[in-house]
Trainee: 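Structure incoming, see below.
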There are 2 protein chains.
Amino acid sequence: MNCQDRFGSILFKAEKCNLEEIDAAKVCSTYKKGEVVFQEGTYPFGIYCVNTGKIKLSHSGDDGREQIVRLAKPGDIIGYKALLSAERYTASAIALDDSSVCFIPKDLFMSILQKDANLSFEMMRIIASELRKAETKITHLAQKPVRERLAETLLFIKETYGVEQDGTTLNVRLSREEIANLVGTATESAIRLLSEFKKDGLIELQGKKIRLLNQEEITRTANLQD
Amino acid sequence: MNCQDRFGSILFKAEKCNLEEIDAAKVCSTYKKGEVVFQEGTYPFGIYCVNTGKIKLSHSGDDGREQIVRLAKPGDIIGYKALLSAERYTASAIALDDSSVCFIPKDLFMSILQKDANLSFEMMRIIASELRKAETKITHLAQKPVRERLAETLLFIKETYGVEQDGTTLNVRLSREEIANLVGTATESAIRLLSEFKKDGLIELQGKKIRLLNQEEITRTANLQD
DNA sequence: CCCGGCTCTTGACTCTTGTCATTTTTCCCC
DNA sequence: GGGGAAAAATGACAAGAGTCAAGAGCCGGG
């Protein structure tokens with residue numbers, strides 16, 4: 001699966017001529033696990049599209065603690081908010097795995113967006129759906145206890161990155177700190193609750209591997225109803 | 001200032017012909033304080049644009065507590081997320097004051113959006129900026145204590161609805177519960193902290209009137225740095 | 001004008017969650 | 001393979017924040 005294949009599930013919505021333009025101008029690079037694709041506080045020069053691998057997007061809070069606001073997977077576009085608002089990045093993008101990411105220069109992307117109603121329309125839908133999710137997250141952060149949010153986060157990770165062949169092991173390695181930063185809690189709290197989940201037979205832990213043993217019960221613990 | 005004047009600061013970006021079409025199809029209605037413009041869980045038939053007045057958008061959480069995710073003012077568009085994703089509303093819109101709101105039918109709006117790159121582009125920018133704010137809110141909810149969030153919320157309300165002629169009284173009447181739902185905390189906590197702020201000379205309280213006496217200090221309390 | 005039902009306020013208490021400190025484990029890199 | 005640093009786990013403690021309960025104040029409707 002090469003760069004072109006994967007590039008921009010969304011961007012395929014672009015008109016024919018634009019697609020070729022994009023193809024010509026894009027640059028694909030690879031990032032090793034832990035490498036920074038773009039850094040909070042800097043100005044954007046274009047947008048990125050995840051080709052292969054996994055990217056986390058995180059805000060760093062005042063005290064240096066980070067909050068992961070999004071997990072990106074192949075086909076996802078990242079870095080569009082800063083570009084669209086012509087401001088600095090408010091989040092950093094960091095590879096969770098070795099990843100391949102394509103870059104499209106700002107000018108090209110913006111000019112196409114302004115011409116191509118189809119593409120703008122699709123982008124709009126995507127962003128609207130992100131906003132929807134963000135608002136739900138706000139509500140849950142404000143109202144749900146950490147335990148429920150952790151369970152929800154485990155399900156979210158599964159939704160996003162899927163599982164390995166065994167059908168239960170989450171297909172991504174996250175540190176406890178990263179999990180905590182997804183949930184929005186202290187690392188120790190995340191660790192403690194993971195241990196509880198394990199004790200209760202909901203999950204199995206082997207290092208950074210997490211197996212969801214009893215998804216029913218995890219769902220119940222997450223207490224979702226919207 | 002009539003409906004037409006105010007209608008859709010954004011929609012003015014629409015092409016000329018579309019503007020007339022919109023003008024012809026739109027319907028303006030008034031809502032008394034407390035009345036519902038649209039209800040979480042129902043399907044959208046179009047979008048709304050706030051003409052005059054103030055509208056709150058709130059998710060209701062599992063336990064019935066509500067989380068206010070947005071405050072809309074004249075010129076703002078509401079109800080677009082559900083429309084764009086063709087799903088039910090995830091939030092309810094309720095008038096905080098007597099308000100006038102215009103409605104544009106779904107089909108018209110969607111067809112214009114798909115044809116008019118300019119409009120899609122503008123919508124996209126707006127939604128992207130909302131998303132930006134939402135993500136910052138997520139980080140703050142996860143990392144900041146209630147005291148700081150309350151201070152931040154007071155400043156946010158001022159930003160959104162401004163102040164009265166005296167230059168210090170917030171130009172909106174919110175119940176303590178609504179303030180709490182904006183901050184993401186219990187009503188009692190919000191009340192207690194407001195009392196503290198008052199004791200510390202940051203604000204003055206007279207019923208639902210809130211005067212920001214010492215904005216410097218409120219900003220410091222909010223502890224903003226992004 | 002007064003009653004009844006709100007919202008607001010305050011106090012007391014509980015408990016979830018965060019912080020700090022320490023130990024144990026893991027995992028690189030030499 | 002071993003040493004060392006980072007990550008994970010666990011315990012003890014503190015404190016922020018939520019809940020419950022009771023009283024005060026305010027407001028609209030009869």
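Keep in mind that this is a model prediction, so the values were computed, not measured. Sequence lines set the chain letters: A, B, ... in the order given, protein chains first and strands last, and positions in each chain run from 1.
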Trainee: Quick check on contacts: within residues 195-214 of chain A, what sits under 4.0 Å from DNA chain D by heavy-atom distance?
Mentor: A:Ser195, A:Lys208
Trainee: Are side-chain N/O atoms of B:Ser58 and B:Glu66 paired as donor and acceptor at under 3.5 Å?
Mentor: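 Short answer, yes.
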Trainee: Measure from the side-chain heavy atoms of B:Ala186 and tell me the nearest of D:dT19, C:dT16, D:dA9.
Mentor: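 Closest of the options to the side chain of B:Ala186: D:dT19.
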Trainee: What heavy-atom pair brings A:Leu84 and B:Ala128 nearest, and what distance separates the two atoms?
Mentor: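 Shortest heavy-atom contact: CD1-CB, 3.9 Å.
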Trainee: Let me know, please, whether A:Ser175 or B:Gly184 comes out on the 5' side of the other along DNA chain D by nearest nucleotide.
Mentor: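 Checking each residue's closest nucleotide, the 5'-ward one belongs to A:Ser175.
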Trainee: Please report the distance, rounded to the nearest Å, between CZ in A:Arg176 and P in D:dA6.
Mentor: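 The distance from CZ of A:Arg176 to P of D:dA6 comes to 19 Å, rounded to the nearest Å.
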Trainee: Between A:Thr185 and C:dG18, is there a contact of a side-chain N or O with OP1 or OP2 at under 4.0 Å?
Mentor: yes
Trainee: Mind calculating the distance between CZ (A:Arg149) and P (C:dT16) to the nearest angstrom?
Mentor: 14 Å
Trainee: Take the protein atom CG of B:Leu194 and the nucleotide atom P of C:dT7, then report the distance between them rounded to whole Å.
Mentor: 17 Å
Trainee: With B:Glu135 as reference, evaluate A:Arg70, A:Lys137, A:Lys81 under the salt bridge (Lys or Arg N to Asp or Glu O under 4.0 Å) test and give the passing residue.
Mentor: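 Checked A:Arg70, A:Lys137, A:Lys81 against B:Glu135; only one passes salt bridge (Lys or Arg N to Asp or Glu O under 4.0 Å): A:Lys81.
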Trainee: Please check the phosphate of D:dG16 (OP1 and OP2 only) for any side-chain N or O of B:Ser189 closer than 4.0 Å.
Mentor: no
Trainee: Expressed as a whole number of angstroms, how long is the span from B:Arg65:CZ to D:dA17:P?
Mentor: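 My rounded result for the distance is 13 Å.
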Trainee: Tabulate atom names and distances for all N/O pairs under 3.5 angstrom spanning the protein and nucleotides 20-22 of chain D.
Mentor:
unit_1	atom_1	unit_2	atom_2	d
D:dC20	N4	B:Glu188	OE2	3.3

Trainee: How close or far is atom C1' of C:dC6 from atom CD of B:Glu177, stated in whole angstroms?
Mentor: 11 Å
Trainee: Return the value, rounded to whole Å, for the distance between atom NZ of A:Lys144 and atom C1' of C:dT17.
Mentor: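 So the NZ-C1' distance, A:Lys144 to C:dT17, works out to 17 Å.
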Trainee: Rounded to the nearest 0.5 Å, what separation is found between the NZ atom of B:Lys158 and the CD1 atom of B:Ile218?
Mentor: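 Result: 8.5 Å between the selected atoms.
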Trainee: What's the closest nucleotide to the side chain of B:Ile191 if the choices are C:dT10, D:dG18, D:dT10?
Mentor: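 Taking heavy atoms from C-beta onward, the closest nucleotide is C:dT10.
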Trainee: Would you give the length of the straight line joining atom CD1 of A:Ile127 to atom CZ of B:Arg132, rounded to the nearest 0.5 angstrom?
Mentor: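 The distance works out to 12.0 Å.
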Trainee: Between OG of A:Ser189 and CZ of A:Arg176, what distance do you get to the nearest 0.5 Å?
Mentor: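 Between atom OG of A:Ser189 and atom CZ of A:Arg176 there are 14.0 Å.
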Trainee: Without hydrogens or angle criteria, can the side chains of A:Gln67 and A:Asn181 be said to hold a donor-acceptor pair below 3.5 Å?
Mentor: no
Trainee: Expressed as a whole number of angstroms, how long is the span from B:Arg173:CZ to D:dC26:C1'?
Mentor: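 Those two atoms, CZ and C1', are 15 Å apart.
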Trainee: Got a sec: does the CD of A:Glu177 have more than 12 other heavy atoms crowding it under 6.0 Å?
Mentor: no
Trainee: Does a salt bridge link B:Glu35 with B:Lys56, judged by any charged N lying under 4.0 Å from a carboxylate O?
Mentor: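 Answer for the salt bridge query: no.
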Trainee: Under 3.5 Å, is there a donor on one side chain and an acceptor on the other for B:Glu204 and B:Gln206?
Mentor: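 On atom types as modelled, these side chains qualify, holding a pair under 3.5 Å.
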Trainee: Looking at CE of B:Met123 and CD1 of B:Ile77, how far apart are the two atoms once the value is rounded to the nearest 0.5 Å?
Mentor: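 B:Met123 atom CE to B:Ile77 atom CD1 measures 5.0 Å (nearest 0.5 Å).
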Trainee: Within this structure, what is the CG-to-P distance between B:Leu150 and D:dG18, rounded to whole angstrom?
Mentor: 12 Å
Trainee: How about B:His140 and B:Glu152: does a side-chain donor come under 3.5 Å of a side-chain acceptor?
Mentor: yes
Trainee: Note the angle between the end axes of the helix from C:dC1-D:dG30 to C:dC30-D:dG1, five pairs defining each, rounded to 10 degrees.
Mentor: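 The end axes of the helix from C:dC1-D:dG30 to C:dC30-D:dG1 are about 40° apart, to the nearest 10°.
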